[in-house]
Amino acid sequence: MSGNLFSSFANTIPDRGRVFLLAGKREISFGHAFECAARFAHLLASRGVKRGDRVAVQVEKSPEAVFLYFACLRLGAIYVPFNPAYTADELIYLLSDAEPALVVCTPEKETAARSIFGGPVLTLGADGKAGSLIQEAKDLRPDFADADMAHEELAAILYTSGTTGRSKGAMLSHGNLKSNALVLKELWQFSDRDVLLHVLPIFHTHGLFVAINVALAAAASIIFLPKFDPDLIFRELPRATVMMGVPTLYVRLLSDPRLGVAAVRHMRLFVSGSAPLPIEVFNQWQERTGFTLLERYGMTETNMNTSNPYVGARKPGTVGLPLPGTELRIVDKNGDAVPQGEVGLITVRGPNVFQGYWRQPDKTRAELHADGFFVTGDLGLKDADGYISIVGRGKELVITGGLNVYPREVESSLNAVPGVSDSAVFGLPHPDLGEGVTAAVVAENGITEAGILAALEKGLANFKRPKRILFVDEIPRNAMGKVQKPLLQKKYCGLYTEGK
């Protein structure tokens with residue numbers, strides 16, 4: 001099998017006339033998708049893009065954006081997607097760091113892109129029809145000789161969210177992405193009979209690699225929605241067999257009266273990831289639909305690391321077992337394994353683990369050790385059956401009065417309080433305790449701070465209970481539903497020290 005991620009999967013699809021993408025009224029076959037990718041690859045090459053060059057992409061979600069990703073793989077160029085919401089100031093840093101050979105953006109951002117970037121710029125409209133990329137590629141050849149890539153050659157660079165500093169570019173190889181897609185295809189029993197309901201962004205590991213690569217590897221079809229929209233989801237659900245989402249998405253669907261056993265009886269699998277799945281959501285989904293959500297754990301640098309089983313027990317509050325071929329160790333600050341059931345840092349090793357951080361060798365050495373284990377920064381524990389639970393980020397650990405508090409444990413207790421719909425727990429400077437456990441809460445039904453704290457007394461030790469409950473309209477989250485705790489810490493930093 002070729003080392004090229006694209007051709008190794010595309011060449012196994014015998015019937016290219018089958019539907020690959022269903023996007024609104026459009027039915028796009030595998031053959032048409034691959035021909036579009038070939039034309040795009042020819043255009044990139046004509047603009048001077050060579051094997052190993054970076055192509056920076058900041059466009060809206062469309063089928064043509066997927067074909068552009070395929071084009072980069074076919075050419076041997078490195079695909080570098082950016083969140084469409086990034087501002088010009090953020091792009092200045094990202095483009096200077098990535099140093100792409102070419103930029104593709106929406107027509108609306110072309111002027112700004114040209115003012116920042118001195119190289120060639122192509123445009124792609126949100127509808128996938130407008131823009132110079134489409135116009136200049138339409139008459140080019142529909143076939144392309146795919147580059148024969150080595151497994152370790154880069155396929156993509158994905159920039160981390162940068163909540164604790166400047167974003168780092170995670171270098172992902174053809175081998176990293178291909179190995180992970182093949183493992184997930186087998187583990188989740190994907191086949192060409194599946195139809196995946198795709199509601200996620202495609203600038204992120206979950207929507208781009210887990211969803212699209214796995215579907216391509218299985219020759220499955222994809223219902224390609226432009227964004228999360230409950231009306232569209234319930235309209236398209238009858239055609240789907242699998243859906244992937246983030247916890248926030250499942251929470252919103254649970255609030256919709258259309259969700260029930262009848263609406264999902266034809267489905268095979270619901271996958272949740274990119275952020276912790278509250279046990280309450282796990283249980284409510286099971287009660288409302290009869291389906292058990294399958295939670296898994298991954299990150300930008302490693303793709304997927306663990307998954308609850310497709311066949312077998314899916315334990316609430318856990319992210320399942322290490323994937324086949326992926327080693328997972330939970331260690332202390334010295335790198336020594338901790339006893340089963342104790343909390344430590346999660347480290348992983350396997351063909352899914354990235355090649356390092358783009359042009360940041362010091363950070364690479366600090367987090368990707370010589371023995372191949374990557375220090376994820378996540379805190380977790382392993383139960384007697386080998387299932388992994390995530391208790392928080394190492395940097396989110398709150399040390400109050402010399403005692404460790406794991407935010408996720410407190411958040412689980414908060415979310416179980418009637419009237420609390422969302423929460424985020426974090427530490428703030430405290431004159432006596434070093435850090436004060438603090439909770440931001442979205443609540444309803446007139447519940448009070450005293451009422452919430454009283455409800456926590458039975459289940460949480462005193463030192464774990466928040467010193468203050470802050471009521472907010474919403475918890476700040478990024479595009480994939482991950483809580484942005486640094487924003488909360490910045491906003492309330494003087495709560496205990498200045499009495500704010």
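Applying the side-chain hydrogen bond (donor to acceptor under 3.5 Å, both in side chains) test between Tyr297 and each of Thr306, Asn308, Asp378 identifies Asp378 as the sole match. Of the residues Arg408, Lys482, Lys485, the one that meets the salt bridge (charged side-chain N to carboxylate O under 4.0 Å, His left out) test with Glu396 is Lys485. Put simply, the residue from Gln489, Arg468, Lys467 that forms a side chain to side chain contact (heavy atoms under 4.5 Å, CB included) with Leu428 is Gln489. Under the side-chain hydrogen bond (donor to acceptor under 3.5 Å, both in side chains) test applied with Asn176, the options Glu152, Glu301, Gln355 reduce to a single match, Gln355.
When atom types are taken as modelled, the side chain of Tyr496 and the backbone of Glu435 share no donor-acceptor pair closer than 3.5 angstrom. Listed for the Lys109 side chain is no donor-acceptor partner under 3.5 Å among the backbone atoms of Thr87. Between the side chain of Lys382 and the backbone N or O of Pro339 there is no donor-acceptor pair closer than 3.5 Å. Checked by atom type and distance alone, the side chain of His204 never pairs as donor or acceptor with a backbone atom of Asn83 at under 3.5 Å. The closest donor-acceptor contact from the side chain of Gln58 to the backbone of Tyr86 lies under 3.5 Å. Panel note: side chain Thr302, backbone Gly298; no donor-acceptor pair is recorded below 3.5 Å. Panel note: side chain Glu236, backbone Ile233; no donor-acceptor pair is recorded below 3.5 Å. Counting only distance, with no hydrogens or angles, the side chain of Asn283 and the backbone of Glu280 share no donor-acceptor pair below 3.5 Å. In this structure, Tyr387 contributes its side chain and Ala313 its backbone to a donor-acceptor pair below 3.5 Å. Listed for the Thr364 side chain is a donor-acceptor partner under 3.5 Å among the backbone atoms of Tyr357.
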**Q.** ring pair (Phe, Tyr, Trp, His ring centres under 6.0 Å) assessment of Phe82 paired with Phe203
**A.** CA-CA 6 Å; Phe82 296 147; Phe203 55 80; over 10 Å; no
Q.
side chain to side chain contact (heavy atoms under 4.5 Å, CB included) for Met244 and His198? Distances and angles first, verdict last.
A. CA-CA 7 Å; Met244 298 180 186; His198 195 300; over 6 Å; no
Q: Any chance you could lay out the side chain to side chain contact (heavy atoms under 4.5 Å, CB included) test for Leu197 and Leu225, step after step, and finish with the verdict?
A: CA-CA 8 Å; Leu197 186 58; Leu225 300 187; 3.9 Å; yes
Q.
Assess the residue pair Thr438 and Leu470 against the criterion (side chain to side chain contact (heavy atoms under 4.5 Å, CB included)); give the C-alpha distance rounded to whole Å, side-chain angles, the decisive distance to 0.1 Å, and a yes or no.
A. CA-CA 8 Å; Thr438 311; Leu470 306 170; 3.8 Å; yes
Q: Quick one: do Ile388 and Leu381 satisfy side chain to side chain contact (heavy atoms under 4.5 Å, CB included)? Show the steps, please.
A: CA-CA 6 Å; Ile388 306 299; Leu381 57 86; over 6 Å; no
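Looking at Asn352 and Ser179, their side chains never bring a donor and an acceptor atom within 3.5 Å of each other. Under 3.5 Å, the side chains of Thr326 and Asn305 contain no donor-acceptor pair of N or O atoms. Using a 3.5 Å distance cut-off with no hydrogens or angles, the side chains of Ser423 and Glu411 do not pair a donor with an acceptor. Side-chain contact, Asp383 with Gln340: no donor N or O sits under 3.5 Å from an acceptor N or O.
Taking the ring centre of Tyr159 as origin, the terminal cationic atom of Lys168 falls outside the region bounded by 6.0 Å and 45° from the ring axis. Within the cation-pi definition used here (under 6.0 Å to the ring centroid, within 45° of the axis), Arg268 qualifies as a partner of Phe190.
The aromatic rings of Phe426 and Tyr492 sit parallel, their planes meeting at an angle under 30°, below the 60° perpendicular limit.
For Arg329 and Asp371, the salt-bridge test passes: some basic side-chain N is under 4.0 Å from an acidic carboxylate O. Ion pair Asp256/Arg258 flagged as a salt bridge, since at least one NZ, NE, NH1 or NH2 atom sits closer than 4.0 Å to an Asp/Glu carboxylate oxygen.
The ring of Phe291 has its center no closer than 6.0 angstrom to the ring center of Trp285.
In this structure, CE on Met299 lies 11.5 Å from OG on Ser274, to the nearest 0.5 angstrom. Separation of atoms CG (Leu237) and CE (Met267) is listed at 5.5 Å; rounding is to 0.5 Å. In this structure, the separation between OG on Ser96 and CD1 on Ile92 is 8.5 Å, given to the nearest 0.5 Å. For the atom pair CZ of Arg296 and CE of Met304, the computed distance is 4.0 Å after rounding to the nearest 0.5 Å. Put simply, OH on Tyr406 and CG on Leu379 are 6.0 Å apart, with the number rounded to the nearest 0.5 Å.
Counting all heavy atoms, side chain and backbone alike, Arg235 lies closest to Pro238 at O-CD, 3.4 Å. Of all heavy-atom pairs between Ser191 and Ala220, the closest is O-CB, 3.5 Å. When all heavy atoms are compared, the tightest approach of Ser272 to Val246 is OG-C, 4.3 Å. The minimum heavy-atom distance between Ala65 and Ile202, with the atom names listed, is CB-CD1, 3.7 Å.
With contacts defined as side-chain heavy-atom distances shorter than 4.5 Å, the pair Leu184/Leu323 qualifies.
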